[in-house]
Amino acid sequence: MNRNCRNCGNQITKFFSLGDMPLVNSFLKKEEISSEKKFDLSVGFCSRCFLVQLMKTVPPEDLFRHYLYFSSVSSAFLAHCKETADYLTERFSLTPQSLVLEIASNDGAQLQFFKEKGIKVLGVDPAKNIAEAANKKGIPTVPEFFNAALARKFVLEQHICADIVFGANVLAHVPEIVDFLTGVKMVLRPKGTAIFEFPYIKGLTENKFDTIYHEHVFYYSLLALTNLFTNAGLELYDAETTWAQGGSLRIFASHPGTFSKTNAVKDILAQEMKAGFDKIETYQKIEENAVRLKSELTSLLTRIKGEGKSVAAYSAPAKGNILLNYFGIGSNFLDFIVDYSKAKQGLYTPGTHLLVHSLDEIYKRHPDYLLVLCWNITHEVVNMKELHEYKKGGGRFIVPIPEIKII
Ligand SMILES: [Zn+2]
């Protein structure tokens, strides 16, 4: 199976195959289990522009058919949004004449903080029900996929040009990425800046392989992004790491020659060259490490079960479903699974078909161990007041990533 790079057209080389995987955000009703579809999930590398990308993408109608919407109303997320709005307003001296255009703006969680400051805002989000909710809240939102055709319409028909184009967790999801960025260039004012946040590829090289799933078409290094933005007629001039998703990158791009490149860009590029992000050998280690973790975790679970002890999984995030399916961990090792989200409770997990319970199940069945699948927030989980009694009763936690740890 060969295919060409979605940025430069060069032939890409596969370095990690997870096999056929279910869609990890598609939780199932009982009657849907027998017709569940699986799709190849493998990742390749372009040796010309260094872009890491899926070998094969899933048709959107399959990807989004069962998509559950989980609004991110956590106070930590909203605090991050407010902080972002304060920071960008000050850094770019935004005024009531400025326009902030957000792509994949969801229900307006981010834009509301710009609007509060009297700055003009516009959202774009393909989910009609979510766009509707945002419009009701007073955040104007266009219910479309953002691309060059939509950008052309904005500019030519509606005379919309943005001082800031913002997108969090969208850049990795768009298969036609060059067309998307061409659209960004079209709507960006001459001195405007486009800002994107997304998971940084460094995580993959630190054993966080479970962030590979069908929705994530691209896994970005700054090296690859520099080439990609150049191809779309944009220039990347600043970058910083943020806390979001346990290791994200925030990048700043403009029309070429508008701003000078910061030292941060030069430093990160130098670090990436040193770490070998321009070589396929670096990425080939990801599979080796995932195979080793699989063997270590299944050995541990075999031993625990052999001692007659019980194990439940704590939470069923997308990455957790990748881990369970790739490691072959289901009802063979797990007594049950719980998740905080009411939207998932009562449904079955993709691929492993475990019924998702509420946290109450922990107190009904008293498992000896909880396998923490949302390992990026282990500290929060271990200190949750809902799990205080579990810990007091001798309950332990198994953290699978980046290295296996028992707490
Ligand atoms: Zn390429």
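All values derive from a computational prediction rather than experimental measurement. Both counts, for ligands and for their atoms, begin at 1 and track the order of listing. Numbers here simply count residues along the sequence, with the first being 1.
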What I want to find out is whether D163 reaches R189 closely enough, with some N-O distance under 4.0 Å, to be called a salt bridge.
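Salt bridge flag = yes for R189 with D163.
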
Counting N and O atoms only, with roles assigned by atom type, does the side chain of [X] sit under 3.5 Å from a partner on the main chain of [Y], one being a donor and the other an acceptor?
X: S254; Y: T258; value: no
X: Y283; Y: F277; value: yes
X: N325; Y: M21; value: no
X: Y314; Y: Y369; value: no

A cation-pi test, strictly: NZ or CZ of R91 under 6.0 Å from the centre of the six-membered ring of F252 and no more than 45 degrees from its axis. Yes or no?
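Here R91 passes the 6.0 Å and 45° test against F252.
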
Considering the Zn ion (ligand 1), could you give the total of protein N/O/S atoms lying closer than 2.8 Å?
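Protein N, O or S neighbours of the Zn ion (ligand 1) under 2.8 Å, waters not counted, come to 4.
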
